[in-house]
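Note that the structure is predicted; figures quoted are calculated from it, not measured. Quick note on labels: first sequence line is chain A, next is B, and so on, each numbered from 1.
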Amino acid sequence: MSQQHSRQESLPPSTTAVGPATVTVFASPASWIESDALAQCHQVAALDGMTHVAAMPDLHPGKGAPIGAAMASTVLYPFLVGSDIGCGIAVFPMKLKRAVPEKLAARFPDLDRALDPERDADDPAWAVVKGDIPAGHVEGLGTVGRGNHFVELARIGTVFDPGHASRLGLADGDLVLIVHSGSRGLGERILRAHTAVHGAGPAPDPGAYLAMHDDAVRWGSLNRRLMAARVAHALGAEPAEPLVDQCHNLVEIRDGVYLHRKGAAPGDGRDVLIAGTRGTPSYLVAAHAGPDANHSVAHGAGRKMSRADALRRGRAKHTVEELRRTPVGSLVVCGDRQLLFEEAPTAYKRIEQVIADLVDHDLATPVATTVPLVTYKTPDLGSTPQRDQRRKRGRR
DNA sequence: ATGTCC
């Protein structure tokens with residue numbers, strides 16, 4: 001274990017009370033947490049029924065609710081989970097003979113193109129579907145989506161805990177496929193149906209919401225498996241079950257309250273892949289968060305800049321070429337230039353600091369890093385302005 | 001985040 005991640009005395013998290021609810025922030029003073037995000041935490045804490053808000057070190061402002069927080073309440077608020085119900089990160093083993101980024105990038109399948117049950121009936125990826133497709137929802141099946149979603153071929157880098165890594169079947173130099181994606185249009189439809197009637201108010205029939213929500217959670221996990229199978233077949237590897245698959249956007253009933261996770265992964269004795277950026281390593285950690293942290297850990301590096309700021313500042317600071325070929329030597333497949341700037345590594349916090357905060361607060365222990373080889377965001381069509389416009393209008 | 005308000 002490196003000095004940086006050695007377990008020292010646990011740092012006391014900073015806790016404040018908002019009426020009956022408490023807000024605890026698991027970040028060191030050295031970590032930059034936007035005041036807007038903290039204000040959102042306190043707004044959430046003031047909601048009816050709220051008991052405790054735990055803010056992770058990747059906390060940043062979201063639409064109405066903060067991202068990177070686990071929020072416990074006696075009342076179920078669908079907007080606290082947001083539209084991407086079931087979003088999560090899965091890690092799959094990938095056995096390839098050679099791993100030349102250029103060659104592999106060229107062989108990635110088009111993950112903007114959905115698998116069609118009829119047209120693509122003979123696609124071998126369907127083998128991962130064991131039962132029914134949740135909610136019978138086939139639109140967008142097998143697609144990655146946009147925003148911070150990605151599919152990444154990576155190599156195990158630094159191994160901090162060889163024993164733990166070995167139990168996962170992993171060793172230095174092994175290849176893995178990381179899939180970060182959610183429930184696409186399904187979760188969005190579920191939230192929209194609620195907000196159209198109740199806005200940011202609670203679910204009047206939690207059971208009815210949870211039934212649809214659970215479908216979206218299952219759909220997201222199935223979709224990650226489908227994409228992993230699509231990529232495995234395209235690269236000439238054998239599809240495999242995920243080593244870890246944790247959902248960071250969902251609501252669960254825990255200790256008799258609704259625990260809303262928004263960009264906060266389950267941290268109760270589970271292994272979690274905490275995503276870095278498209279140009280820095282990610283961290284596989286053993287999570288052991290307790291009640292103060294609402295049994296949660298961070299889900300990624302966390303945005304440092306809004307998308308608008310990242311686009312404006314990125315255009316002045318980076319060339320497209322340096323964003324497509326990163327400092328760690330990986331390639332980023334992304335035919336959408338705007339998305340490339342929005343997702344630039346400099347638009348995110350340093351993953352090392354986020355991990356250090358988790359370690360210092362005794363929420364997680366690093367197992368290994370994954371170093372990107374190829375990150376797939378959206379098809380590279382030899383991007384031209386005309387094509388970007390056409391793609392945006394969905395006329396490919 | 002999202003078949004996104006074109």
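- In this structure, the CD1 atom of A:Ile67 is 12 Å from the P atom of B:dT2, given to the nearest Å.
- None of A:Leu340, A:Thr375, A:Val320, A:Asp380 except one satisfies the side chain to side chain contact (heavy atoms under 4.5 Å, CB included) rule with A:Cys334; the exception is A:Leu340.
- Of the candidates A:Asp336, A:Asp110, A:Thr143, A:Asp112, A:Asp112 is the only one forming a side chain to side chain donor-acceptor pair (under 3.5 Å) with A:Thr378.
- Across the protein-nucleic acid pair, A:Glu188 atom CD and B:dG3 atom C1' stand 8 Å apart, rounded to whole Å.
- Contact annotation: A:Arg189 does not reach the phosphate of B:dT2 (side-chain N/O to OP1 or OP2, under 4.0 Å).
- The distance between atom NE2 of A:His137 and atom P of B:dT2, rounded to the nearest whole Å, is 11 Å.
- In this structure, A:Arg192 does not reach the B:dT2 phosphate: none of its side-chain N or O atoms is under 4.0 Å from OP1 or OP2.
- The residues A:Asp309 and A:Lys304 are annotated as not salt-bridged, no charged nitrogen and carboxylate oxygen being separated by less than 4.0 angstrom.
- Whole-Å rounding puts the A:Asp336 CG to B:dT4 P distance at 15 Å.
- Between the CG atom of A:Asp116 and the P atom of B:dG3 there is a distance of 16 Å, rounded to whole Å.
- Contacts between residues 210-227 of chain A and DNA chain B, counted as heavy-atom distances below 4.0 Å, involve no residue at all.
- The CG-P distance, from A:Asp112 to B:dG3, rounds to 10 Å in whole Å.
- Looking at A:Arg303, its side chain does come within 3.5 Å of a backbone N or O of A:Met305 through a donor-acceptor pair.
- Per the geometry, CG belonging to A:Leu141 stands 14 Å off P belonging to B:dT2, to the nearest Å.
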Which side-chain N or O atoms in residues 16-25 of chain A pair as donor and acceptor under 3.5 Å with protein atoms at least two apart or in another chain?
residue	atom	partner	partner atom	Å
A:Thr16	OG1	A:His42	NE2	3.0
A:Thr22	OG1	A:His52	ND1	2.6
A:Thr24	OG1	A:Thr15	OG1	2.9

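- Contact annotation for A:Gly185: backbone-only contact, meaning every heavy-atom pair under 4.0 Å involves sugar-phosphate atoms and none involves a base.
- B:dG3 atom P lies 13 Å from atom CD1 of A:Ile190, rounded to whole Å.
- In this structure, a donor-acceptor pair under 3.5 Å is present between the side chains of A:His149 and A:Asp84.
- For A:His180 and A:His248, the gap between ring centers is short of 6.0 Å.
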